[in-house]
Student: 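One structure follows; several queries about it will come next.
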Number of protein chains: 2
Amino acid sequence: MQKVRLEQGNLFSERIGSHGIKNLEFFAWDKKIKEIIKKIKQESKKEEIGWPNLPFEEEEIREISKFTKTERKKWKNILLLGIGGSALGTAAIQEALQKSETKNLIILDNVDPDFFTQKLADLNWEKTLVIVISKSGTTPETMAQFYLIEEILKHEIKKGYQNQIIAITDDKEGELKKIAENKNYKQFVIPKNVGGRFSVLSSVGLVPAALLGADISSLCEGARTMQEDCFKEDLRENPAALLAVSAYLMDRKKGKRKQVFLPYSNQLTGFTEWYAQLLSESIGKNEETGLTPIKALGTTDQHSQLQLWSEGPNDKVFTFLEIENFQNNIPLPYFENKALDYLSGKSLNELIRAAKQGTELALAKKSRPNQTISIPKLNESSLGQLFYLFEMQIAILGKLYEINPYNQPGVELGKKITKKIMLGISL
Amino acid sequence: MQKVRLEQGNLFSERIGSHGIKNLEFFAWDKKIKEIIKKIKQESKKEEIGWPNLPFEEEEIREISKFTKTERKKWKNILLLGIGGSALGTAAIQEALQKSETKNLIILDNVDPDFFTQKLADLNWEKTLVIVISKSGTTPETMAQFYLIEEILKHEIKKGYQNQIIAITDDKEGELKKIAENKNYKQFVIPKNVGGRFSVLSSVGLVPAALLGADISSLCEGARTMQEDCFKEDLRENPAALLAVSAYLMDRKKGKRKQVFLPYSNQLTGFTEWYAQLLSESIGKNEETGLTPIKALGTTDQHSQLQLWSEGPNDKVFTFLEIENFQNNIPLPYFENKALDYLSGKSLNELIRAAKQGTELALAKKSRPNQTISIPKLNESSLGQLFYLFEMQIAILGKLYEINPYNQPGVELGKKITKKIMLGISL
């Protein structure tokens with residue numbers, strides 16, 4: 001299996017001067033990392049946290065594959081109802097793997113009434129499978145849409161509409177569990193000890209992925225390979241620990257709390273959204289603790305944000321993601337005019353690679369810390385590796401900051417006020 | 001004409017305590033604003049800057065409308081080659097107005113070889129109009145793609161392929177101008193004194209918009225109405241000045257340099273991208289001067305970033321954009337279960353509005369500064385108002401920070417290194 005690789009040279013003071021981390025300072029964290037990795041392994045063994053062992057069993061993958069193999073032939077459209085962690089993993093998989101060419105995946109991750117209307121216009125309901133994802137079944141956005149869609153299905157399909165609904169929810173309790181039991185919908189389980197933003201390698205991500213035609217065995221195999229590296233107790237050998245310690249030190253020692261996530265691949269924009277949630281919600285916990293993700297795309301954002309990045313305040317860390325081998329090779333023709341002569345006989349592939357290197361070196365020359373994750377080829381295996389790598393980075397960061405990366409108490413107040421407004425209670 | 005409205009109460013200390021601006025402190029800038037507005041009007045009158053008077057003439061709009069009226073009937077696909085300011089305005093217009101239902105707009109704003117391949121797969125070239133946009137004609141991404149597309153068109157269409165190409169470029173010089181002259185392509189002009197990110201109301205945005213079926217007269221009328229307000233010398237009456245002074249003081253007095261741009265409408269995600277470029281490149285000029293845009297979407301990002309926003313470091317200013325009247329009204333059914341009973345008989349429209357208000361109030365209770373721009377209805381007129389409002393905010397901010405908002409010297413170094421890499425020159 002080809003592994004993704006991490007290159008961090010441009011984070012260090014040898015390359016970028018006083019804005020960089022000192023080598024000694026960095027590797028002084030080796031002992032702390034040993035403790036942290038041991039602790040995470042323990043928590044995972046005791047099942048206090050569930051995600052490090054996802055997917056739990058070979059059997060689970062087989063069960064999903066078996067179900068989806070027959071099911072996927074029946075449907076042209078997959079309509080996914082979910083928001084946040086219930087949607088972002090699937091969106092990342094769809095965009096990265098582009099398996100949706102044969103299937104039309106529609107993700108309703110907002111309650112904008114015009115978006116809702118546009119997305120469902122002219123949908124052939126007889127060819128549509130609905131997946132509703134919510135652990136509690138009380139997420140208002142998802143459930144409001146689910147009730148609407150259920151009504152439409154009953155009306156359009158009548159007998160047997162139940163066969164077009166899959167519920168992915170809690171094993172035992174919650175509103176969606178009750179509904180699924182009452183109406184006899186096909187169910188998959190979100191494990192209790194796995195939170196939404198860490199759930200992509202559970203049924204939450206795997207069922208939709210398999211329905212789209214992704215090879216979920218290979219996705220999970222990629223994750224497992226990365227798990228081996230991320231469970232290593234030696235900082236130098238553990239890519240997740242390297243990512244975590246550098247982000248932590250760049251914040252605490254260099255005051256850089258903005259994390260620019262910059263893939264040079266349109267197919268990784270969904271992955272960027274997935275990572276932005278993971279980083280924001282897991283680490284943003286108090287006035288002193290929080291890293292802000294900046295979502296970007298190369299080369300496009302070189303023409304949109306690079307001016308700020310390279311000459312504005314030096315308060316950001318840049319993570320490039322680079323695809324080494326695209327699926328297509330696009331050679332360029334001969335350029336007749338002098339100003340563009342340097343492109344003659346090259347390829348789009350060379351241009352995007354050189355643009356990334358140029359940006360990387362220019363940022364380093366201006367003392368802006370950056371690192372690169374190289375992806376040999378974008379496929380199920382490398383995507384599985386990336387999911388696991390960043391989940392583990394966040395888990396380690398949680399320990400470094402001594403905060404709980406698995407909760408989100410800060411969103412409750414807004415929810416309460418929203419409910420009061422809906423009930424007409426004066427505030 | 002219905003005007004967009006600005007509500008800034010939650011930026012002030014009366015509402016959010018010490019993280020807010022004091023009223024007196026804010027309006028002490030009244031005198032400075034008078035000077036700045038006078039200066040901008042002068043610069044614009046002397047044509048040192050061109051964008052404040054866009055579109056220059058009624059006649060220009062008529063000319064574009066006349067050309068596009070016959071042209072748009074001929075084509076099913078509009079293929080736009082451009083990057084940064086040459087693409088973001090059109091993307092914003094397309095997404096906001098959704099005129100593309102009858103036309104297929106493809107924007108090639110990246111050189112990812114797989115993206116390039118996917119976007120062009122199965123394209124009917126006989127039904128495709130190509131628009132290439134570059135002032136200098138040396139933007140490598142755009143020109144590389146243009147040479148490729150020109151080859152394809154020659155091969156697929158043969159005789160008369162020239163009629164399927166429109167060049168939007170400089171009036172007199174540059175590589176693209178030369179090509180367009182030599183090959184007799186239809187041309188539109190990018191005015192010399194208008195930079196890419198301020199060009200949406202020139203031919204750069206208007207020609208594609210009109211081809212998509214947007215009412216560009218109404219778009220420009222919206223901009224003109226906003227110009228009247230934005231040329232007022234009284235801070236209290238000038239919405240762009242209110243936006244500029246508050247962003248400036250939130251940075252300089254409160255250390256908040258992150259600007260979260262948060263529309264509650266999927267159709268405004270393109271507008272967010274447009275604004276992110278405008279803010280980043282115009283203001284990000286030195287170690288002490290730069291505001292970082294955070295692109296977001298409500299309610300979706302309440303499930304992705306709100307935890308960080310509400311409990312993490314208080315270093316952000318939030319700008320909500322709210323649509324008062326969506327095109328569709330989606331009533332919700334009766335909810336059988338108790339936990340969701342509060343949604344019964346309401347609508348998706350009420351839910352998205354309450355979610356926005358809940359988030360706004362929760363942020364204010366946690367002393368997080370926020371403001372709201374209310375848009376009566378999303379259409380050509382309101383979109384024109386929004387473009388002008390934010391362009392003027394940025395122009396005023398440039399004067400407040402005493403930097404030049406119209407250049408981007410920081411992107412040159414990366415370009416030079418990229419060119420060297422392409423030429424195989426050792427670095």
Side-chain angles (χ1 to χ4, degrees), chain A residues 83-84 109-117 138 141 143-144 147 151 175 265-266 277 280-281 284 287 290 300 303-308 310-313 326-328 330 332-333 337 339-340 342-343 348-349 351-352 354-355 357-359 361-362 408 410-411 413-414 417-419 421-423, chain B residues 83-84 109-117 138 143-144 147 151 175 265-266 277 280-281 284 287 290 299-300 303-308 310-313 326-328 330 332-333 337 339-340 342-343 348-349 351-352 354-355 357-359 361-362 408 410-411 413-414 417-419 421-423:
Chain A
I83 196 163
D109 60 351
N110 201 1
V111 283
D112 173 334
D114 293 343
F115 172 73
F116 184 85
T117 306
T138 55
E141 289 96 333
M143 295 309 290
Y147 270 69
E151 291 291 314
E175 296 302 319
S265 160
N266 286 63
Q277 184 204 23
S280 298
E281 289 204 316
E287 289 278 353
T300 309
H303 299 260
S304 168
Q305 300 190 64
L306 183 57
Q307 168 62 37
L308 170 69
S310 62
E311 295 200 331
F326 287 94
Q327 282 180 40
N328 301 279
I330 312 284
L332 292 171
N337 67 69
L340 296 165
Y342 70 100
L343 296 171
L348 276 196
N349 305 56
L351 178 56
I352 193 168
Q357 287 174 342
T359 304
L361 291 170
Q408 52 282 333
V411 303
L413 180 59
I417 301 175
T418 300
K419 199 165 164 177
I421 294 169
M422 291 298 276
L423 287 167
Chain B
I83 196 164
D109 60 352
N110 201 1
V111 283
D112 173 335
D114 293 343
F115 171 73
F116 184 84
T117 306
T138 55
M143 294 310 289
Y147 270 69
E151 291 293 313
E175 296 303 318
S265 161
N266 286 62
Q277 184 205 21
S280 298
E281 289 204 315
E287 290 279 353
T299 67
T300 310
H303 299 261
S304 169
Q305 300 192 64
L306 183 57
Q307 168 63 35
L308 170 69
S310 61
E311 295 200 332
F326 287 94
Q327 282 181 41
N328 301 279
I330 312 284
L332 291 171
N337 67 68
L340 297 165
Y342 69 101
L343 295 172
L348 276 195
N349 306 54
L351 179 57
I352 194 168
Q357 287 174 342
T359 303
L361 290 171
Q408 53 281 333
V411 303
L413 181 58
I417 302 175
T418 300
K419 200 165 165 178
I421 294 170
M422 291 298 275
L423 288 167

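Chain naming here is simple, since letters A, B, ... match the order of the sequence lines and numbering starts at 1 in each.
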Student: May I ask you to name which of A:Q408, A:E175, A:M143 has the most heavy-atom pairs under 4.5 Å with chain B?
Tutor: A:E175
Student: For the candidates A:Q307, A:Q327, A:Q277, A:E287, which exhibits the highest count of non-hydrogen atom pairs separated by less than 4.5 Å from chain B?
Tutor: A:Q307
Student: Looking at B:N110, B:L348, B:L413, B:T299, which makes the most heavy-atom pairs under 4.5 Å with chain A?
Tutor: B:N110
Student: Quick check: closest heavy atoms across A:G410 and B:S310, and the distance to 0.1 Å?
Tutor: O-OG, 3.0 Å
Student: Any side-chain heavy atom of A:F115 sitting closer than 4.5 Å to one from A:D109?
Tutor: yes
Student: Using heavy-atom distances under 4.5 Å, tell me whether A:L306 contacts chain B through its side chain, its backbone, both, or neither.
Tutor: both
Student: With respect to chain B, which residue among A:I417, A:T138, A:T418, A:T117 yields the maximal number of heavy-atom pairs within a distance under 4.5 Å?
Tutor: A:T418
Student: Need one label for B:E151: side chain, backbone, both or neither, based on atoms under 4.5 Å from any heavy atom in chain A.
Tutor: side chain
Student: If I compare all heavy atoms of B:P113 with all of A:I330, which pair ends up nearest, and what's the gap?
Tutor: CB-CG1, 3.8 Å
Student: I need the residue from A:L423, A:T359, A:N349 with the largest number of non-hydrogen atom pairs under 4.5 Å to chain B.
Tutor: A:N349
Student: Between B:L361 and chain A, with a heavy-atom cut-off of 4.5 Å, which part of the residue counts as in contact: side chain, backbone, both or neither?
Tutor: both
Student: Which one wins on heavy-atom pair count under 4.5 Å against chain A: B:S280, B:G290, B:P333, B:G84?
Tutor: B:S280
Student: For each of B:P313, B:G414, B:G312, tally heavy-atom pairs with chain A at distances under 4.5 Å, and name the one with the top tally.
Tutor: B:P313
Student: Where is the tightest heavy-atom contact between A:I83 and B:T300, given as atom of each residue plus distance?
Tutor: CD1-CA, 3.9 Å
Student: Which one of B:A362, B:S304, B:A355, B:G358 has the most heavy-atom pairs closer than 4.5 Å to chain A?
Tutor: B:S304
Student: Out of A:D112, A:V111, A:D114, return the one with the most heavy atom pairs under 4.5 angstrom to chain B.
Tutor: A:D114
Student: Quick one: salt bridge (charged side-chain N to carboxylate O under 4.0 Å, His left out) partners of A:E281, sequence neighbours excluded?
Tutor: A:R197
Student: Let me know if A:Y147 has heavy atoms under 4.5 Å from chain B in its side chain, its backbone, both or neither.
Tutor: both
